[in-house]
Every structure is written in structure tokens, then in C-alpha cells.
Amino acid sequence: MPAVPSRPGTSRTRSWWGWGYADAHPDDAECTAMGALLPGTLARPLPIPRIADLTVARPAVAPPAALAHLVTADPEARAAHAMGKAYRDVIRALRGRPGRIPDLVARPTDGQEVADLLDWAGGHGVAVIPFGGGSSVVGGVEYRGDAHRAVLSLDLTSMDRVLEIDAVSRSARIQAGALGPVLEEQLRPHGLTLRHFPQSFEFSTLGGWLATRAGGHYATGRTHIDDFVQSLDVVTPAGAGTSWRLPASGAGPSPDRLFLGSEGALGVITEAWMRLQERPRYKASASVAFADFHQALDAVRALAGSDLAPANCRLLDSGEALLSGASHDGSAVLVLGFESATARVDDRLTSALDLARAHGGRAGAPRTDRDAPADAAVRAWRSTFLRMPYLRDGLARMGAVVETFETAATWDTIPALIDAVRTQVGAAALKATGHPATVNCRLTHVYPDGAAPYFTVAVAGRPGDEVEVWDDIKAAATDVLHRHRATITHHHAVGRDHRPGYDLQRPKPFALALHAAKNALDPHRILNPGVLID
């Protein structure tokens with residue numbers, strides 16, 4: 001089986017071709033049942049792909065003796081590091097076309113070993129692809145092209161320790177390869193948490209979150225990993241550096257900001273001091289149904305502009321609510337949650353429900369930490385939220401094309417943007433496949449000045465041409481976002497798949513500065529080639 005690291009203390013095996021754990025994927029019967037909901041899908045699911053069926057070439061290079069103990073050429077490890085977990089990656093694996101498989105996989109244990117590997121790679125024309133949990137959905141951890149002699153996947157998950165905790169400043173020094181559960185397990189005995197829980201939490205690392213400016217589960221307040229960073233240790237081909245630990249600073253451009261979101265193209269983040277929080281003790285949640293989606297948008301905008309600061313404020317349109325089981329009557333559903341480490345949150349939930357009702361919402365009974373589990377709609381949404389990537393892979397086995405993308409825009413743009421995506425991306429999917437598409441939307445994060453819509457597009461594909469259909473849908477979505485001045489990504493990073501949109505979004509002087517930074521820090525152009533810049 002593939003040599004992808006699993007959470008310590010478990011015997012479960014990661015899937016090399018799809019999301020998460022191999023034993024959690026839908027079986028053939030469930031795949032067939034899901035496919036029946038999309039007319040035009042395959043009669044039976046594509047078989048689970050096997051690494052043994054791939055052509056894995058001999059490595060084009062060998063590491064020096066001094067580094068050999070860090071490096072493997074095992075075909076299973078190499079195949080498991082060839083791609084991320086986007087739909088495009090999953091369908092390529094199912095069709096036996098995973099793309100360029102890295103020649104070697106390295107697992108350093110500290111910053112000096114990272115530096116040694118970069119030094120060797122730079123002198124031998126070897127591209128280096130930093131790799132954490134491998135959960136990228138934007139082509140961020142694969143090599144495309146043929147400009148380099150060989151490819152090294154730099155797996156950081158052996159660097160997974162919480163090295164130091166400063167209880168006075170409530171912060172911790174953490175190695176970048178720590179997977180979400182591994183990190184939290186080490187903080188729990190101290191009553192502390194990083195409180196960053198993306199959907200990929202089990203299968204992504206601190207370094208991956210930092211390198212992609214990942215968004216967490218929480219809908220307001222500190223929504224992005226950026227907000228928790230106190231300082232970074234970064235190794236580049238031009239040298240290593242550590243920023244100062246500071247609560248805030250006005251001293252010029254922030255050095256950390258250069259590497260946050262750099263996706264391994266400028267350097268490798270090896271450690272970080274991160275701001276922590278006390279673990280929450282008080283929680284309350286409820287759901288609110290809306291007959292009119294635009295009224296629901298108004299309610300969420302009012303909540304975002306208040307001082308209530310809900311931890312969860314997810315608005316599901318009627319299609320998303322039906323898909324998750326949160327509603328079966330065509331209503332949109334708002335999932336609300338509050339939490340605190342120091343004070344009860346019942347009153348804040350009550351105020352939020354009153355505000356939602358004032359905008360036409362029908363609120364369910366609130367549940368607090370003293371009560372039984374959350375109401376049925378909240379439970380259904382939570383369950384589907386965690387299960388959804390596995391269901392996507394099941395649909396992919398049926399030849400369906402399932403694209404998800406997220407964005408952010410100001411409130412004055414949000415209603416028209418959502419309507420345009422539904423209409424125009426749906427039309428593009430119909431044109432590409434001849435089949436009607438389902439286009440659903442939910443708001444994942446909300447701010448006083450805007451929101452982050454997250455879209456899911458599902459349509460029966462053209463057998464064998466699923467990647468081409470995906471490309472057509474992606475291009476249509478990119479065009480709609482650009483015309484509405486909505487960001488190409490709110491929290492999934494740029495990678496290679498979002499490059500066209502990112503090139504349009506960034507100012508030209510900034511692009512010049514980014515190219516200059518790449519030339520200075522990575523003179524041999526070995527770090528994650530094609531990500532952010534050429």
C-alpha cells in the first residue's frame with residue numbers, strides 16, 4: 001500500500017489516489033446509487049486504481065551518500081506523492097494517467113537537512129516540490145513540464161513536533177510537518193489549541209496551511225492561518241532566516257508575509273511560532289431555515305456586521321441544504337454556532353436568532369453545551385461536511401465531473417456573483433457535456449464587508465475526457481470571478497490550476513517584485529516550478 005503517512009497511533013492507510021483513508025471510500029453499490037442521481041454517468045464504477053498498474057520509471061538521479069538515509073525511490077511512495085487531491089488528480093489516477101511521478105521522495109527531520117537537500121538539488125537540476133499532507137486541490141504539489149532533470153518530493157511530515165510552549169505569551173514553536181491531529185494532540189495536555197480546523201484537518205499540515213494561507217472552519221474573526229502567526233523559520237536555496245517573535249510590528253513590510261501564501265516557490269517553511277488559545281468550554285448552536293435565499297443573504301450580512309462573532313455562520317442554498325440533509329423542503333439553511341473558553345454563549349445565540357427571524361428566518365430550537373447534541377439540520381450538515389470529499393471521489397468513479405471552487409467578494413457584489421456562477425458555469429457544463437449540471441452554493445466565511453461563497457458543480461462527464469470537461473468548467477468559473485472582481489481563491493491557494501486567474505488579479509508591479517524575489521531566493525529555479533510564477 002502507499003507510503004503516505006497516517007496519523008500516529010492508527011493503523012488506517014491513506015488512499016494514494018483519492019481523499020483521506022482508503023477504507024472510508026464509498027463501495028461500488030454506493031457509487032452506483034450516487035451515479036443514478038446524475039443522468040448520463042457510467043453504468044458501473046471505474047475500478048480502484050492500483051500502483052502496480054502504473055509505469056514508474058527508474059529515478060533519473062541518485063542522492064549523495066550523505067543524504068541517502070533521508071531519501072527513498074520506492075515506487076509506492078513516489079506514486080503517492082505525484083499529485084494532490086483535486087478532482088483533476090482523482091480522475092487522472094482512476095484513468096491511469098497520474099502525470100509526472102517524482103523520482104525520489106525525501107523525508108527530512110529538521111531545517112538543516114532541508115537545507116542540505118536544497119543545496120544538492122540546486123547543483124543537480126532537480127526540482128523540489130514541498131509536500132505536507134498532500135491535500136492540495138489546486139495542483140500545488142505536482143510537477144508539470146520537463147525543464148528539470150529530475151523531481152524530488154520533499155515530504156515534511158517527519159518534522160511533526162511541538163518543540164516549545166510559551167504559556168506566558170500563549171504561543172508554541174511547532175515544526176511545519178505536523179498534521180492537524182498530531183499538532184492538537186500535543187497541545188491538548190496544556191489546555192491549549194491552535195483553533196484552526198480546515199476541512200482537510202486530518203490530512204494537512206501546519207506548513208501546508210501557512211504556505212497556502214489556508215482558511216479554517218471558523219466563519220468570522222480569525223478565519224485564516226495568517227492571523228495566528230507570530231514568526232516563521234524558512235529555508236531557501238539562498239539561505240535560512242527566522243523572523244522575530246512579536247505580537248505586532250510596524251517595521252516595514254512584514255518578512256512573514258513574503259512566505260505566507262508562497263506555496264513553496266520561495267522557500268520551505270520549517271517551523272513557526274503560533275498564537276494559541278484556551279480550549280472552548282461553552283458552546284451553542286442552532287439552524288435557521290429561509291424560504292428566500294436573498295433574504296438569507298441579508299440576514300448573514302447583518303450578522304457579519306454585528307459584534308456577535310459566531311464561530312460558525314454557514315449559509316447553505318436549497319441545493320446544498322438538500323444534499324447535506326439539512327433541509328428537504330427547498331429552504332436555504334443557516335447553520336449557526338457560538339463558542340467561548342471563558343463565558344456562556346447562550347445570549348449571543350439568542351440575539352443571532354432574533355436577528356435572523358427579523359429577516360424572515362425560521363429558527364430551530366437552540367442547543368447549548370448542557371443539552372443533547374445539536375439539532376437535526378446541524379448534525380446532518382456536520383456529517384456531510386466531513387464525508388463530502390469521499391462522496392466526490394465516488395462520483396468520479398462513476399465518470400461524473402465534480403468541481404468545487406471558492407471565492408470572496410464584497411457584499412454589494414455577492415448576489416449578482418452567485419447568480420452569475422449558477423447561470424454561466426451551469427451553461428458551460430451543459431455545453432461541455434450535453435448534460436444539465438447541478439450548481440450549489442454555500443457561504444463558508446463572512447466578514448463585515450463581504451463573504452466567501454463556495455460552489456459545487458456536478459455533471460455527468462464525457463467518458464475518458466473528464467479532465468477536458470473539468471478544464472472547460474474551470475475556465476468558465478475563472479472568467480465569471482474575474483468579471484465580478486472576485487478573488488480566484490479565498491482559502492484553497494493558487495497552485496497551478498488557478499494561475500490564469502491569479503495572473504489577472506495581481507497588480508503588475510507586485511508581479512515584478514515576486515519575480516525578483518524568486519530570482520534572489522531561488523536562483524536555480526528549483527522550488528515548486530510553475531506555482532505562482534514561471
Side-chain angles (χ1 to χ4, degrees), residues 197 199 216-221 223 280-388 411 414-415 418-419 440-456:
F197 302 108
Q199 190 177 29
H217 169 74
Y218 293 94
T220 65
T223 59
R281 297 172 54 205
Y282 305 101
K283 298 181 180 181
S285 63
S287 63
V288 185
F290 291 85
D292 183 275
F293 183 70
H294 287 85
Q295 279 189 308
L297 286 175
D298 288 340
V300 172
R301 179 165 57 87
L303 281 166
S306 73
D307 60 357
L308 295 172
N312 196 6
C313 189
R314 304 280 177 123
L315 175 61
L316 319 177
D317 72 4
S318 58
E320 191 81 7
L322 178 64
L323 183 66
S324 68
S327 172
H328 299 279
D329 63 0
S331 296
V333 173
L334 173 61
V335 178
L336 281 172
F338 290 83
E339 65 177 41
S340 172
T342 58
R344 306 207 71 87
V345 293
D346 311 49
D347 289 346
R348 286 161 58 196
L349 177 60
T350 298
S351 296
L353 294 177
D354 289 344
L355 191 155
R357 291 188 187 98
H359 287 82
R362 306 186 310 276
R367 303 295 180 101
T368 71
D369 51 287
R370 295 168 295 178
D371 296 324
D375 70 28
V378 175
R379 292 199 308 272
W381 170 79
R382 286 176 180 167
S383 175
T384 303
F385 177 76
L386 296 174
R387 182 73 175 145
M388 186 58 67
W411 280 116
I414 289 292
I418 293 174
D419 290 344
N440 294 333
C441 175
R442 67 180 184 265
L443 299 188
T444 61
H445 302 76
V446 295
Y447 307 94
D449 54 345
Y454 190 115
F455 298 94
T456 302

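Residue indices begin at 1 and follow the sequence shown. If you're wondering where the values come from, they're calculated on a predicted model, not measured in any experiment.
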Is it the case that S331 and R362 place a side-chain donor and acceptor less than 3.5 Å from each other?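 Per modelled atom types, S331 and R362 side chains form a pair under 3.5 Å.
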Looking just at side-chain N and O atoms, do Y218 and E339 make a donor-acceptor pair shorter than 3.5 Å?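 Y218 vs E339: donor-acceptor pair found between side chains.
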State, with a plain yes or no, whether a side-chain heavy atom of [X] is found less than 4.5 Å away from one of [Y].
{"X": "C441", "Y": "E320", "answer": "no"}
{"X": "L316", "Y": "L443", "answer": "no"}
{"X": "L336", "Y": "L303", "answer": "yes"}
{"X": "D419", "Y": "H294", "answer": "yes"}
{"X": "V333", "Y": "V288", "answer": "no"}
{"X": "C313", "Y": "L334", "answer": "yes"}
{"X": "S327", "Y": "L322", "answer": "no"}
{"X": "V335", "Y": "S285", "answer": "no"}

Closest non-hydrogen atom pair, [X] against [Y]:
{"X": "T220", "Y": "A309", "result": "OG1-C, 3.5 Å"}
{"X": "F290", "Y": "A356", "result": "CE2-O, 3.8 Å"}
{"X": "A299", "Y": "L355", "result": "O-CD2, 3.6 Å"}
{"X": "A363", "Y": "R357", "result": "CB-NH2, 3.5 Å"}
{"X": "W411", "Y": "A451", "result": "CH2-CB, 3.6 Å"}
{"X": "R314", "Y": "G216", "result": "NH2-O, 4.3 Å"}

So, [X] side chain and [Y] main chain: donor-acceptor pair closer than 3.5 Å or not?
{"X": "D317", "Y": "R442", "result": "no"}
{"X": "H217", "Y": "N312", "result": "no"}
{"X": "Q199", "Y": "L386", "result": "no"}
{"X": "R348", "Y": "L308", "result": "yes"}
{"X": "T350", "Y": "D346", "result": "yes"}

Any chance you could measure [X], atom [atom1], to [Y], atom [atom2], to the nearest 0.5 Å?
{"X": "S351", "Y": "F338", "atom1": "OG", "atom2": "CZ", "answer": "8.0 Å"}
{"X": "S383", "Y": "M388", "atom1": "OG", "atom2": "CE", "answer": "9.5 Å"}
{"X": "S318", "Y": "D329", "atom1": "OG", "atom2": "CG", "answer": "9.5 Å"}

Take Y447 and H445, measure what side chain to side chain contact (heavy atoms under 4.5 Å, CB included) needs, and give me the verdict at the end. CA-CA 7 Å; Y447 307 94; H445 302 76; 3.8 Å; yes
Sidechain N-carboxylate O distance under 4.0 Å for R301, D449: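 Judged by the 4.0 Å cut-off on N to carboxylate O distance, R301 and D449 do not form a salt bridge.
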Apply the test side chain to side chain donor-acceptor pair (under 3.5 Å) to residues T342 and Y282: give CA-CA distance (whole Å), side-chain angles for both, the deciding distance (0.1 Å), then the verdict. CA-CA 8 Å; T342 58; Y282 305 101; over 6 Å; no
